[in-house]
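All figures in this text were calculated on a predicted structure; none of them were measured in a lab.
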Amino acid sequence: MYCAKLQKLVCGCGRICSRTLRVKRHAHDGPTTSSSLPREARVVVCGGGIAGLSVAYHLAKLGWKEILILEQGRLTSGTTWHAAGLIGQMRSSRVMTNICQDSIKLYSSLEEETGINPGFRITGSLALAESKERMLDLQRTASKARAIGIDCDFMSPAELEKMVPWMWTQDLQGALYIPGDCVTDPTTTSMALAKGARQNGVKIIEGVKVDKVETEKERVSEVHTNQGSLKCEYFINCAGMWSHELGLKCNPGVKVPLHPNEHQYLITKPIEDINPLGLPYIRDLDNECYIRDWGQGLMAGGFVTPGKPVFTKGIPYPAEFTSLPEDWDAFRPVLDGFLKRVPAAEKAEVQQLFNGPESFTPDMSPLIGPASEVDNYFVMAGFNSAGIAASGGAGKLLAEWIHEGRPSINTWPVDVRRFSKYHNNKKFLRDRVSEIEGLHYRIGFPGMECQSGRKLRCSPLYASHAASGAVFGERSGMETPKWFANMSDTEEYGFESQTGTFGKPGWFDTVLGEYWACRETVCAMDMSFFTKFELKSDGPEALELLQKLCPNEMDMPVGHVVHTGMLNEWGGYENDCSVARLAPNSFFMICPSFQLARGYRWIESHLPSDGSVKLQNVTHLYGGLNVMGPRAREVLQKLTETSLKLSEFKPFMCTEVDIGYASKVRIISITHTGEDGFVIYIRCEHALHVYDALKEAGRIYGIRDAGYNALRWLRLEKFYPYWGEDFVDDATPFEIGREHRVKFDKGVDFLGREALLRKREEGLRKHLAMFLIEDHDLDHDMWPSGGEPIFIDGNYTGSTTSTGYGPTLQKLVCLGWVTNIDRNSGEAREVSHDYVHHSKVEIQIGNRRFPAKGFLYPPAVAKRQISHV
């Protein structure tokens, strides 16, 4: 009995053991295994949960043969068997939304294909809102959902009471109803996938534990198991919460940054006066719980902060159908929310409080795609308690990725290569996932930062910036100042802050001051977060490699800098970088922070096999300072004897100079913002000295520190898109306005050249555009933050990417992708400047559409002619 503490909630017949639950679900499934381990297979999938079954099923559907699934226990015995089975369509990224929609299509077809009823039902879902801020968040969700064709409606408390009469609604603002959302039975759905996979030739062996993955010439070659070894061409890590440990058992190790937390849900016996069957499942977001029908009773679970990491010293073996001890104290916030929303549940009997492990990642998005360490090693794991909802579509996505050599859509938000080796530290993961679990239901205010696992990577100037009032954010784990607040403000906007707004941010005036200092005087901005590589050879091999990888002309004079992409064979950007030629055969490359793992692997995979070209990641060796503004040359000239006159040191040049006491400081005459100035790269041991000298030399000019938010405003006004934020590997130079950086006549058959020639002939069917929002009240209207639908002549045409304010233009500025789809024929037509600039453009922010002016090329950004007060 647990009456007093749990408000009369009574424990009835006790806990149902995990084995009983499995027998109930598997009674009709029949045999699932083939016992003999083959000597070789084309594809080895490690993990017999719904993720591994899905990717094997889809590969077989694409005609692949010799596919083998190895499961260390029995099918679904990891985390699949105890999932709640909710399938919501709308997610934080478009790729995740597409994945979940594909899951629905798959699960709804399985019974006809396999004869197994997966328990799939379209129930609809309700997302409840108690606060006005939550309603604003749901309005943003609804605008994005409707734009891509997902049916949804808002319901008043009175309408909710009619739909779900046993739910207390008096404290609600309303709810978002998505009628197409679904539920399914995790185990029977998996068994249907297993049958479908076997029907298409997939071999499944249970009771086989993968011990190690061997490589040869940086490619997967062999898998060692407790039942012997076998050769393979492809290895897919779908091992769920074991994926992190399994990745480390490869040589070299593969990073799979995830960690399991405890996840609890309660199942009741039938409750008098409640009939949940046929009703939508409920996400009571402000009370951190979800509620769905379960038999004749209810299931209630949730996501709380802090979560409870489990298996911190390793996952015990063997472990299948694992359940953890009940923790009523940890479950209390979810229970309180459940009893508040369903008052009749106070008299319910508990059938079970189940506690099982679920894997979470550092940013609450799954890990899908090719490893950055080994060729033909793929990962599909870390679903953050959305494995059932996502696995069906994720398996399809990854199978197509493997089959075609590239994904069919932009996968960067879920790409496993977005993380670096620093994120794979187990203590970091343990601390981070304790916070991540609660983000499921936290209001998605723009610019919010995780508080846990911080100071993972720090600039050499971190302590100095902190003393100056810097408010830090993360960029690939690097602490980067976002703005510099008054010391009295740092508590409000520092690590401890969980406040937020959908409107004008509290830091607006501070960043405005930094912006104008960058344009009118001089600012220092820490750019240490950029990824930095060195490429060298004894002969011309380094240049020859760059000429092959880059569409721009890389044979520039020593001391010059070229901005260029690195393209794949389809003409899309694998990397976007600035390359400085330090010597005839020595190059210094500055890449986006996100390229720390991915960019290095891309270049490494193309190095000559004879070892003639050496690639080194020097990110950790150099701090970076952006010194910008019309006074930047004067300030830096005080610190060096090398002439920085514009006539001698023009834009896009580089050299090594002495600054103060520091020797061989690399100075490059670009700022990544279009403003006057330089980025200087300093050996970390000299960075603080150079920074202090710079501040002292610029004191008479009013030099000040500026953060990343000011950089964002500066580059948006000039239409400078950034890799990883505005475009990734599915975009070509033509589609982002950088055709001038493609040199077809340079005499080298560079990677992607043929694809770009075809693209030029075909015309552009999509394009990145810049928009200025009109008729917007900065102080009272909602602000865009990325992902807002864009409409041209009333038709949805794409979504925004980066957003911010343009102080010189006096407008909110958005970048975003547009298409030109004929409404009648559905045909994709060419996107032209006239189409974007002269059509009726609207951007929807929440429940309101704002008129906007569109550009394919940046408008002129003059110096300020108005007061910035």
List the atom pairs, with distances to 0.1 Å, where a side-chain N or O of residues 658-666 and a protein N or O form a donor-acceptor pair under 3.5 Å, not counting sequence neighbours.
residue: Arg666; atom: NE; partner: Glu656; partner atom: OE2; Å: 2.9
residue: Arg666; atom: NH1; partner: Glu534; partner atom: OE2; Å: 2.8
residue: Arg666; atom: NH2; partner: Glu534; partner atom: OE2; Å: 2.9
residue: Arg666; atom: NH2; partner: Tyr622; partner atom: OH; Å: 3.4

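- Of the residues listed (Leu439, Thr361, Val433, Leu367), the one engaging Asn384 in a side-chain contact (heavy atoms from CB on, under 4.5 Å) is Thr361, and it is the only one.
- For Arg598, the salt bridge (charged side-chain N to carboxylate O under 4.0 Å, His left out) criterion is met by Asp415, Glu574, Asp729, not counting sequence neighbours.
- Screening Tyr722, Phe529, Trp723, Phe530 against His672 for a ring pair (Phe, Tyr, Trp, His ring centres under 6.0 Å) leaves a single residue, Phe530.
- The CG atom of Asn425 sits 9.0 Å away from atom CZ of Arg430, with the distance rounded to the nearest 0.5 Å.
- Among Trp516, Tyr708, Phe508, Tyr720, the single residue meeting the ring pair (Phe, Tyr, Trp, His ring centres under 6.0 Å) criterion with Trp713 is Phe508.
- The NZ atom of Lys255 sits 11.5 Å away from atom CG of Leu248, with the distance rounded to the nearest 0.5 Å.
- Side-chain contact of Ser785 with Arg140: a donor-acceptor pair under 3.5 Å is present, judged by distance alone.
- Between Tyr422 and Phe428, the distance separating the two ring centers is not shorter than 6.0 angstrom.
- Atom CG of residue Leu596 and atom NE2 of residue His620 lie 10.0 Å apart, to the nearest 0.5 angstrom.
- Of the candidates Val562, Ile670, Ile668, Ile670 is the only one forming a side-chain contact (heavy atoms from CB on, under 4.5 Å) with Phe652.
- With sequence neighbours left out, Phe649 forms a ring-ring contact (aromatic ring centres under 6.0 Å, His included) with Phe678.
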Trace of the side chain to side chain donor-acceptor pair (under 3.5 Å) decision for Thr305 with Arg442: CA-CA 10 Å; Thr305 301; Arg442 192 177 78 177; over 6 Å; no
